[in-house]
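Atom set for the values below is all heavy atoms of this structure, side chains included, hydrogens, waters and symmetry mates excluded. Numbers restart at 1 for each chain; the letters A, B, ... are given by sequence-line order, proteins then strands.
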Number of protein chains: 2
Amino acid sequence: MNTSNKRERSTTERRQLLVETAIKCFSEKGFHQTSMRDLATRAGISLGNLYNHFGSKTELIKEIATLEAVEVRQLQILLNASRTPQKALDRFVLIYLEACTDPDSALLFAEIVSEGLRNPEIRGGFQRNREALLSILIQILHDLEAAKGATLRMPAEDCAAQILDLIEGLSTRLAFAGKLPTKKERASLNVGIDLLIGR
Amino acid sequence: MNTSNKRERSTTERRQLLVETAIKCFSEKGFHQTSMRDLATRAGISLGNLYNHFGSKTELIKEIATLEAVEVRQLQILLNASRTPQKALDRFVLIYLEACTDPDSALLFAEIVSEGLRNPEIRGGFQRNREALLSILIQILHDLEAAKGATLRMPAEDCAAQILDLIEGLSTRLAFAGKLPTKKERASLNVGIDLLIGR
DNA sequence: TATCCACGAACATACGTTCGTTCAATATAT
DNA sequence: ATATATTGAACGAACGTATGTTCGTGGATA
């Protein structure tokens, strides 16, 4: 990628802008209530030009669905730097909860789930990312067990999945209520997770 | 309601048929990818006639969203008949899991959630029903605690919400994989719930 | 000069909804 | 009991608009 090329640079910037406004529009109105005209207008470009950057609407949706994932790679690095598995788990929960309760993300997450349930192309990217997230969490659980910080009563993968369920469930409920998590809710979440891992 | 009236009877039957095909269509294609023509064709009636039964598409969606609730009233009765709170809880989990993992329901549930997040009319009915479900579960938890079958480490409402999260989370994952729950998955779910209630 | 971003008009289709009409079931009058 | 009026389910054409996508053109960059 030659960033000294003025054309290419402004083109990638445009594309970035388009993706960002698409995320906004999609999370506000949903995939299928957002028209290509909406997107173009909101991004301040013409309809025809939008098609210069994205060949079709589904292509755009697909890109958003895979992009709107927690940035797993960075998360992995951050957690590797944690001193103890306990701290790693705490960090994981904090970060993922933060990501899920972001107002845009919660709506988009629901949108992606319901879309992914019937659209294989969407499902693929979403599942890949989710498995990556799971495997990180599983690793942490194994570390925890080795350090006697946890005594699992079920397969680590099931436990990890349940932890994600708790976080995502809380996020969804908060989005429904239009609120951010209170201290109490955070506390209950942590208690629930501690119970699940037998800490 | 005069069921000896032939006209009224066939009308309510029609309406029932329409609601059922709407559920099918909506769960297959989603609210916004299903057109009124789709519905009419699928139900074997004309487009115009569809509007004789439902004034608008949103009215139809609203009806489905509130209807597609677990029949809480019956559930309540069934659970009251349970000998012990332990049995009541087991039944609750079994029934709700069954309801959530029904292929149609899982897709429709996701659809309602994502629609409810931005459409207050949908949200209302959904939340009302969910609160009813929660209050049943909370009651069971209190009974359990009184019978020394549980030692909650968090407010009963939070615990109940987390239990629902586990069930719904598992259901969603199963729907994504296109599978029904295995014995192992059911077992892990039960272990998770037992841990949450400190049993 | 060749490339490609940017534009907005144009196209075909799909959508939600309305409309006038038919026709059988019901209510009322004879 | 028979004739007449009223109702409302059922139909499909029609309307207006919105949609995804294509196309030809202009203008800046390489």
Side-chain angles (χ1 to χ4, degrees), chain A residues 1-26 28-65 111 115 118-119 121-122, chain B residues 1-26 28-65 111 115 118-119 121-122:
Chain A
M1 197 185 300
N2 181 6
T3 52
S4 69
N5 184 320
K6 189 173 174 185
R7 190 129 89 179
E8 279 190 24
R9 188 176 39 191
S10 76
T11 268
T12 58
E13 280 173 13
R14 264 270 181 284
R15 205 186 152 87
Q16 181 65 20
L17 169 71
L18 288 177
V19 166
E20 280 168 18
T21 61
I23 289 178
K24 264 185 212 144
C25 286
F26 285 155
E28 282 176 15
K29 318 209 312 175
F31 290 144
H32 301 288
Q33 284 101 296
T34 303
S35 73
M36 293 298 263
R37 280 169 185 79
D38 285 342
L39 285 173
T41 306
R42 184 76 164 268
I45 70 168
S46 73
L47 179 58
N49 193 15
L50 178 52
Y51 276 87
N52 283 331
H53 294 274
F54 295 93
S56 72
K57 189 180 179 180
T58 55
E59 184 182 314
L60 186 46
I61 293 182
K62 222 190 311 179
E63 172 128 352
I64 301 293
E111 195 70 22
E115 184 70 16
R118 57 176 68 87
N119 185 337
E121 299 202 76
I122 304 297
Chain B
M1 198 183 298
N2 182 7
T3 52
S4 69
N5 185 320
K6 190 174 174 187
R7 190 128 92 177
E8 280 191 21
R9 190 176 38 194
S10 77
T11 269
T12 57
E13 278 172 16
R14 264 272 180 281
R15 205 187 152 86
Q16 182 64 21
L17 169 71
L18 288 177
V19 166
E20 279 167 19
T21 62
I23 290 178
K24 264 185 213 144
C25 286
F26 285 154
E28 280 175 16
K29 319 208 314 177
F31 290 142
H32 300 288
Q33 284 101 299
T34 303
S35 73
M36 292 298 262
R37 280 170 185 79
D38 286 341
L39 285 173
T41 306
R42 184 76 164 268
I45 70 168
S46 73
L47 179 57
N49 193 15
L50 179 51
Y51 276 88
N52 283 330
H53 293 274
F54 294 93
S56 71
K57 188 179 180 180
T58 55
E59 185 182 313
L60 187 45
I61 293 182
K62 225 192 305 179
E63 172 128 353
I64 301 292
E111 196 70 21
E115 184 69 15
R118 58 176 68 88
N119 186 337
E121 298 203 72
I122 305 298

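- When the side-chain nitrogen and oxygen atoms of B/His53 are compared with OP1 and OP2 of D/dA10, one or more of them lie within a distance under 4.0 Å.
- Here B/Glu115 pairs with A/Gln33, B/Phe31, B/His32, B/Asn119, B/Ile122 under the side chain to side chain contact (heavy atoms under 4.5 Å, CB included) rule; sequence neighbours left out.
- Taking side-chain N and O atoms only, B/Asn49 has no distance below 4.0 Å to OP1 or OP2 of D/dA9.
- Per the geometry, CG belonging to B/Leu17 stands 14 Å off C1' belonging to D/dA9, to the nearest Å.
- As a whole-Å value, the separation of A/Glu59 CD from D/dT22 P is 11 Å.
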Practice problem: Applying side chain to side chain contact (heavy atoms under 4.5 Å, CB included), run through B/Thr34 and B/Leu39 and close with a yes or a no. | Solution: CA-CA 7 Å; B/Thr34 303; B/Leu39 285 173; 3.9 Å; yes

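- Atom CZ of B/Arg15 and atom P of D/dG8 are 15 Å apart (whole Å).
- Here B/Glu111 contributes atom CD and B/Ile64 contributes atom CD1; the two are 12.0 Å apart, rounded to the nearest 0.5 Å.
- Between the P atom of D/dT29 and the CZ atom of A/Arg14 lies a distance of 13 Å, rounded to the nearest Å.
- The CG atom of B/Leu50 sits 12 Å away from the P atom of C/dT18 (whole-angstrom rounding).
- A straight line from CG of A/Leu18 to P of C/dC5 spans 12 Å, rounded to a whole angstrom.
- Residues passing the side chain to side chain contact (heavy atoms under 4.5 Å, CB included) test with A/Ser56 are A/Thr58, A/Glu59, sequence neighbours excluded.
- Checked against D/dA10, D/dT22, C/dG16, the side chain of A/Tyr51 finds its nearest nucleotide in D/dT22.
- Picking from C/dC7, C/dG16, C/dA6 the nucleotide with the shortest atom distance to the side chain of A/Asn52 gives C/dA6.
- If you check every strand for non-hydrogen atoms under 4.0 Å, A/Thr58 touches nothing.
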Quiz item: Can you give one letter per nucleotide of nucleotides 13-18 of chain D, 5' to 3': B if a protein heavy atom sits under 4.0 Å from the base, S if only from the sugar-phosphate, - if neither?
Solution: -B----

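- Contacts of A/Lys62 classified as side chain to side chain donor-acceptor pair (under 3.5 Å), with partners at least two apart in sequence or in another chain: A/Glu121.
- For residues 31-47 of chain A, the pairs satisfying salt bridge (Lys or Arg N to Asp or Glu O under 4.0 Å) are A/Glu28-A/Arg42, A/Lys29-A/Asp38, with sequence neighbours left out.
- Closest to the side chain of B/Met36, out of D/dC11, C/dG16, D/dG20, is C/dG16.
- If you take CD of A/Gln33 and P of D/dG20, they are 11 Å apart, rounded to a whole angstrom.
- A/Leu39 places its CG atom 12 Å from the P atom of D/dT21, with the value rounded to the nearest Å.
- Within the structure, every pair that satisfies the salt bridge (Lys or Arg N to Asp or Glu O under 4.0 Å) test and touches residues 12-23 of chain B, not counting sequence neighbours, is listed here: B/Arg15-B/Glu63.
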